Amino acid sequence: MSKNQTLFERAQRVIPGGVNSPVRAFRAVGGTPRFITRGDGAYIYDADGQRYIDYIGSWGPMILGHGHPAVLEAVISAAREGFSYGAPTEREIELAEEILKLVPSMEQVRLVSSGTEATMSAIRLARGATGRSKFIKFEGCYHGHTDALLVKAGSGLATFGHPTSAGVPEEVAQHTLVLEFNHLAQLEEAFLLHGKSLACVIIEPIAGNMNFVRTQVAYMKRLRELCTESGALLVLDEVMTGFRVGLASAQGLYAQLIPGFKPDISVFGKVIGGGMPLAAFGASREIMKHLAPLGGVYQAGTLSGNPVATACGLATLREIQKPGFFEALSAKTRSLVDGLATVAKANGVPFSVDCEGGMFGFFLMDKLPQEYQTVMTTDKARFNQFFHAMLDAGVYLAPALYEAGFVSAAHSEADIEATLAAAAQALR
């Protein structure tokens with residue numbers, strides 16, 4: 001028995017399912033999860049000593065790769081000074097200033113510890129600022145495991161959602177309206193019926209939990225218009241895309257295509273923590289003044305603005321601002337996805353790909369899907385075969401066909417060539 005198997009059996013005795021986040025259990029793809037012992041640059045190593053080219057990157061944060069010298073130095077220095085104080089530090093201000101410098105839609109930001117905490121707080125803030133209760137989310141977009149967000153679509157636009165998780169009461173879901181992603185006519189109808197009672201709409205600009213699906217430009221433009229007309233706030237969830245798809249994040253990409261575009265509230269995570277537990281939400285001063293201690297919307301956290309996490313995040317943000325960083329990262333990612341498409345075509349396998357910055361996705365179908373229902377028609381059995389063939393070849397992809405992938409600055413041309421060679425063999 002391998003060490004991975006031994007550890008998994010041991011873990012299942014003391015941790016539900018043997019993991020502390022469900023997708024890690026490999027239930028979607030079958031087999032034994034790999035228990036990671038260390039990371040180095042573009043690689044991770046499991047308990048059996050196997051090395052993998054890492055395209056998960058801790059689900060996005062490791063944009064510089066594992067153990068980047070400048071980040072490591074910043075973390076060690078901060079840790080020597082103290083792990084946590086429960087009091088403000090100058091570094092919190094520095095990180096907030098750095099984020100705000102890069103995201104002009106925000107004037108103030110509040111640091112928290114997780115993406116779930118940030119989206120939960122952003123919706124509470126929207127409700128407090130508007131005095132309204134209802135909000136819209138989209139099928140296939142994931143915003144964390146807050147009760148009101150674990151909701152699937154109701155039977156029609158006049159009815160609200162139903163819980164997708166045990167432990168979420170129906171009455172908690174009654175204010176959540178779930179729409180199909182990129183369905184313009186449905187969006188128009190929803191605002192016609194509910195617009196004046198909506199506190200906000202929350203959306204991922206690029207949905208990363210149905211693999212990689214962009215919000216269509218025309219859809220985002222109309223969504224912005226409808227929110228403005230109705231008084232609802234537009235909440236852009238950039239936990240995954242923030243500083244990952246570009247230095248100005250996804251909202252910067254849309255601002256180039258939609259004159260004057262900006263969200264009312266933005267949510268960030270992953271990259272801004274550099275691998276440490278750190279996230280944030282921010283908006284204009286007018287909206288943020290509703291937050292305690294200034295206003296009546298309460299939000300607090302013992303580890304918010306943690307000194308070690310802020311050191312890690314600040315060092316990461318400073319590195320990715322260096323000249324040419326995103327050009328080089330984007331070129332690597334494009335090389336990977338174009339290569340995958342080429343080897344799939346050579347082997348007669350239906351395949352479509354998309355990418356932005358250091359984030360990518362692929363589907364075992366001829367055309368890129370635009371919404372959750374189409375994503376769900378992907379050939380799951382074929383993906384599972386492909387996943388395990390790649391894993392056996394030392395390439396670590398997400399263990400579920402609904403997850404995006406990530407390239408880091410540490411990935412080399414040789415790493416990408418090795419990945420494509422493994423893919424050619426797996427698809428053959």
Side-chain angles (χ1 to χ4, degrees), residues 60-61 88-130 135 143-144 146 149 199-205 220 224 227-228 232-255 260-274 276-301 303-306 309-310 312-314 316-318 320-321:
T89 66
E90 183 178 2
R91 200 176 296 120
E92 294 172 70
I93 307 170
E94 292 175 333
L95 181 57
E97 289 171 342
E98 206 71 25
I99 294 169
L100 294 175
K101 179 181 76 175
L102 298 170
V103 187
S105 69
M106 303 190 299
E107 294 178 321
Q108 290 189 324
V109 66
R110 174 65 62 86
L111 304 181
V112 294
S113 297
S114 71
T116 291
E117 188 182 355
T119 55
M120 173 189 74
S121 301
I123 290 171
R124 183 183 299 158
L125 175 60
R127 284 170 160 168
T130 62
F135 71 93
H143 308 288
T146 310
L149 289 165
C200 67
V201 178
I202 185 168
I203 190 169
E204 289 182 278
M220 185 70 87
R224 174 66 276 179
C227 284
T228 301
L233 301 181
L234 176 57
V235 181
L236 212 60
D237 180 350
E238 295 228 50
V239 168
M240 196 171 285
T241 57
F243 308 108
R244 170 48 88 166
V245 300
L247 193 56
S249 302
Q251 58 189 267
L253 302 176
Y254 282 93
F261 175 82
K262 65 177 182 178
D264 297 299
I265 302 176
S266 301
V267 181
F268 293 91
K270 299 190 183 293
V271 169
I272 67 166
M276 288 282 186
L278 193 147
F281 62 100
S284 65
R285 291 179 188 276
E286 185 64 25
I287 292 174
M288 295 299 277
K289 74 180 183 182
H290 293 279
L291 269 183
L294 299 178
V297 178
Y298 193 72
Q299 180 277 325
L303 295 177
S304 295
N306 175 270
T310 51
C312 188
L314 193 57
T316 299
L317 287 185
R318 286 172 175 167
I320 68 173
Q321 291 180 66

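Everything numeric in this text was worked out from a predicted model, so none of it was measured.
Here Leu294 pairs with nothing under the side-chain contact (heavy atoms from CB on, under 4.5 Å) rule; sequence neighbours left out. Applying the ring pair (Phe, Tyr, Trp, His ring centres under 6.0 Å) criterion to Phe243, with sequence neighbours excluded, gives Phe268. Evaluation of the side-chain contact (heavy atoms from CB on, under 4.5 Å) rule for Ala122 yields Val235, Ile265, Val267, Phe281 as partners, not counting sequence neighbours. Looking at residues two or more places apart in sequence or on another chain, you find a side chain to side chain donor-acceptor pair (under 3.5 Å) between Asp264 and Arg224. Every side chain to side chain donor-acceptor pair (under 3.5 Å) that Gln251 has, sequence neighbours left out, goes to Ser105, Glu238, Ser266. In this structure Arg91 satisfies the salt bridge (Lys or Arg N to Asp or Glu O under 4.0 Å) test together with Glu81, sequence neighbours excluded. Listed by chain and residue number, nothing satisfies the salt bridge (Lys or Arg N to Asp or Glu O under 4.0 Å) test with Glu94 (two or more places apart in sequence, or in another chain). Under the rule for a salt bridge (Lys or Arg N to Asp or Glu O under 4.0 Å), Glu92 has no partner lying at least two apart in sequence or in another chain. Contacts of Pro61 classified as side-chain contact (heavy atoms from CB on, under 4.5 Å), with partners at least two apart in sequence or in another chain: Ser58, Lys270.
The CG atom of Leu111 sits 8.0 Å away from the OG1 atom of Thr310 when rounded to the nearest 0.5 Å. If you take CZ on Arg244 and CD1 on Ile320, they are separated by 9.0 Å, rounding to the nearest 0.5 Å. The line from CD of Gln108 to OG of Ser284 is 8.5 Å long, rounded to the nearest 0.5 Å. Taken to the nearest 0.5 Å, the CD1 atom of Ile202 stands 11.5 Å off from the CG atom of Leu233. If you take CD on Glu90 and CD on Glu97, they are separated by 8.5 Å, rounding to the nearest 0.5 Å.
Of all heavy-atom pairs spanning Gly274 and Cys312, the tightest one is O-SG, 3.5 Å. Of all non-hydrogen atoms in Gln299 and Ser304, the two that sit nearest each other are NE2-OG, 4.2 Å. Here the shortest heavy-atom pairing between Met220 and Phe261 reads CG-CE1, 3.6 Å. Listed here is the closest heavy atom pair of Gly305 and Thr89: O-OG1, 4.4 Å. For Val112 against Ala280, the heavy-atom pair with the smallest separation is CG2-N, 4.0 Å. For the pair Gly242 and Ser249, the tightest heavy-atom approach, listed with the atom from each and the gap, is CA-OG, 3.4 Å.
Side-chain atoms of Leu278 and Leu95, non-hydrogen and from C-beta on, do get closer than 4.5 Å to each other. Side-chain contact between Thr130 and Phe135 is absent, with no heavy-atom pair separated by less than 4.5 Å. The shortest distance between side-chain heavy atoms of His143 and Glu204 falls below 4.5 Å. Using a 4.5 Å heavy-atom threshold, the side chains of Thr241 and Leu253 count as separate. Residues Lys262 and Pro104 are not in side-chain contact: their nearest non-hydrogen atoms beyond the backbone lie 4.5 Å or more apart. For the pair Thr316/Met276, no side-chain contact is recorded, criterion being any heavy-atom separation below 4.5 Å from C-beta on. With contacts defined as side-chain heavy-atom distances shorter than 4.5 Å, the pair Leu102/Gln321 qualifies.
For residues 289-298, the set of pairs meeting the salt bridge (charged side-chain N to carboxylate O under 4.0 Å, His left out) definition, not counting sequence neighbours, comprises Glu286-Lys289. Applying the salt bridge (charged side-chain N to carboxylate O under 4.0 Å, His left out) rule to pairs touching residues 103-120 yields nothing, sequence neighbours excluded.
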Go through Leu234 and Thr228 one step at a time and tell me if the side-chain contact (heavy atoms from CB on, under 4.5 Å) criterion holds. CA-CA 8 Å; Leu234 176 57; Thr228 301; over 6 Å; no

Step-by-step side-chain contact (heavy atoms from CB on, under 4.5 Å) determination, Leu149 to Ile123: CA-CA 10 Å; Leu149 289 165; Ile123 290 171; 3.7 Å; yes

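A donor-acceptor distance shorter than 3.5 angstrom exists from the side chain of Tyr254 to the backbone of Pro205, with no hydrogens or angles considered.
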